[in-house]
Number of protein chains: 2
Amino acid sequence: MSDDQPTSIWMRPERLERSGPGRRPGYSRDQITRTAVQIADTEGLEATTMRRIACELGTGAMSLYRYVPKRDDLFDLMIDMVIREIELPDQPSGDWRSDLSLVAHQARAAGLRHPWLVPLLSGRPTLGPQLLRVHEFALAALDGFVLDIDDMAGYVGMLNDYIHSAVRREIGWQEEARRTGLDPETWKRDYVGPYVRQVVESGAYPLFNRSILESRMSHLSPAARFQHGLERVLNGIGAQGRI
Amino acid sequence: MSDDQPTSIWMRPERLERSGPGRRPGYSRDQITRTAVQIADTEGLEATTMRRIACELGTGAMSLYRYVPKRDDLFDLMIDMVIREIELPDQPSGDWRSDLSLVAHQARAAGLRHPWLVPLLSGRPTLGPQLLRVHEFALAALDGFVLDIDDMAGYVGMLNDYIHSAVRREIGWQEEARRTGLDPETWKRDYVGPYVRQVVESGAYPLFNRSILESRMSHLSPAARFQHGLERVLNGIGAQGRI
DNA sequence: GCCATTCAGGTACCCTGTACGCAAATGAAA
DNA sequence: TTTCATTTGCGTACAGGGTACCTGAATGGC
């Protein structure tokens, strides 16, 4: 019996409540995933190696492969685990605008708590149960207001795109700073600062310059900026269609 | 003299037209980048290793480090090189809608020609000269129609987000299929197919089901789908603001 | 008690990026 | 022409990575 069929992790559930012969498992998929999330939160995704996770659990690297087929599958499990943190009511309220706002703010919070989430999520086409739950809620928020299912999916996609790129912008600098080992302030000044200054001073890109120099947005708090952009997206949804 | 100052690749130009003593360089940053792009196009980004590139050039891996400080910097150079393929007039036409459409279609074409581009681009906050050029053109397309610079940047960001996620959706399946070594059709049927079917048959996500089963969009060609979504974004820009 | 089954964990292989060092090449100076 | 500082080419080596495979221990059914 070939057990290494190449199929999604969601089709290969951990076999539980087995009562046949054999040694009892000492760990669990959930426990391994939780440990991986913890390491990724504190030390970054690139520190989340099989050896590191196993070491944290006090075991050997190869033991993990009894629970997870591949490392990439573990990433899918990690994504699913933290998306579980997005708290949504069972049914949308009927006010699509506040429902989608709730999704956006919850998703942003999760993305900021786990800086590896969005980069990982937008890099792989995963479809775990928790992502399906959030997706379904967002679709349901528009149900009744937007009639065409393709439009609904399109709007939810737009919202999703905004959340991802906004969170990435918020995280981007600090993450890159952590990767290069500098603190954010030093990184901003010594690493990218000189280049941006050179570009600005060259005067070759006047509108880019204005977006840097005259921006009022950039003086707002990150949360206020997010809200601002979110409203732009929601206005875009509300303005067209038959809402 | 410490030459390993941690600064952006764009601040560390290849020193050319040197006429001092020392051996003449046998390669060039441009040549190395071109080779890397070629490998990434045909074999994927994960095959684009320093050793592989050097082998293609008929040299040793360490020789490359005379031209490129780090591997990540080479990625930045690769991004810049293929974004150069995006052909735009010197000045926008005055019709912001067709100008932004041009940017979108050109960017999509580049993304499809180089399937590694978008995943790489949305994973790192890079700001090469070519990206600045395209960004400036998109801003200029809205100049005069949108007065507030923050709004201009916001709209351009929305467009950018759409292009990225649309291209990623187009590429996603075939890329993941290539990564797992299956052809796209097999992958769709054997890898993700069973899971989606299970989800659909469970009936747990009725609107997700509708978006799969009743979608008219999914029967369109990829190009037509892209156009459809693009118009949604442009409508969003046009509907609000004072255009 | 026997035995098929299952897990823990070590070893090993091949791959990666890249720090380091030395030999060869080169143009300027002596 | 000889010398020499300088720069490149490239082999070696190291610290890590994912994971295939194997051995020994544990476990429940017969």
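Residue numbers begin at 1 in each chain, while the letters A, B, ... track the order of the sequences.
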Practice task
Scan side-chain atoms only and decide if B/Thr59 and B/Ser63 contain a donor-acceptor pair under the 3.5 Å cut-off.
Solution key: yes
Exercise for the section: Take atom CE of B/Met50 and atom P of D/dT12, then tell me their distance rounded to the nearest Å. Expected result: 19 Å
Exercise for the section: Return the value, rounded to whole Å, for the distance between atom CG of A/Asp73 and atom P of D/dT19. Expected result: 9 Å
Problem - Among B/Val134, B/Asn160, B/Val156, B/Ile86, the one residue meeting side-chain contact (heavy atoms from CB on, under 4.5 Å) with B/Val103 - result: B/Val134
Problem - Separation of D/dG17 P from A/Ile39 CD1 (nearest whole Å) - result: 11 Å
Practice task
Under 4.0 Å between any heavy atoms, over every strand shown, what does B/Ser63 touch: base, sugar-phosphate, or nothing? Just pick one.
Solution key: base
Handout entry: Phosphate OP1/OP2 of C/dG17: any B/Lys70 side-chain N/O under 4.0 Å
Key = no
Practice task
Measure from the side-chain heavy atoms of B/Tyr67 and tell me the nearest of D/dT19, D/dT8, C/dT18.
Solution key: D/dT8
Exercise for the section: Under 4.0 Å between any heavy atoms, over every strand shown, what does A/Arg66 touch: base, sugar-phosphate, or nothing? Just pick one. Expected result: base
Handout entry: Whole-Å distance separating the CZ atom of A/Arg52 from the P atom of D/dG17
Key = 10 Å
Practice task
Measure from OH on B/Tyr27 to P on C/dA25 and round the result to the nearest Å.
Solution key: 14 Å
Practice task
Report the residue (A/Ala61 or B/Thr59) whose heavy-atom-nearest nucleotide on DNA chain D is the more 5′ of the two.
Solution key: B/Thr59
Practice task
Would you mind reading off the distance between B/Tyr65 atom OH and D/dG11 atom C1', rounded to a whole angstrom?
Solution key: 15 Å
Exercise for the section: Whole angstrom is fine here: how far is it from CG in B/Asp72 over to P in C/dT16? Expected result: 16 Å
Exercise for the section: Indicate whether the side chain of B/Trp116 and that of B/Asp41 have a donor and an acceptor atom separated by less than 3.5 Å. Expected result: yes
Practice task
Would you state whether a donor and an acceptor, one from the side chain of A/Arg51 and one from the base of D/dT19, lie under 3.5 Å apart?
Solution key: yes
Fill in the blank from the handout: Taking for B/Thr49 and for A/Gly58 the nucleotide of DNA chain C with the nearest heavy atom, the one nearer the 5' end belongs to A/Gly58
Exercise for the section: Report the distance from atom CE of B/Met62 to atom P of C/dG21, rounded to the nearest whole Å. Expected result: 12 Å
Problem - Carboxylate-amine/guanidinium contact A/Glu170 A/Arg225, below 4.0 Å - result: no
Practice task
Please check if any side-chain donor atom of A/Arg71 sits under 3.5 Å from a side-chain acceptor atom of A/Thr49, or the reverse.
Solution key: no
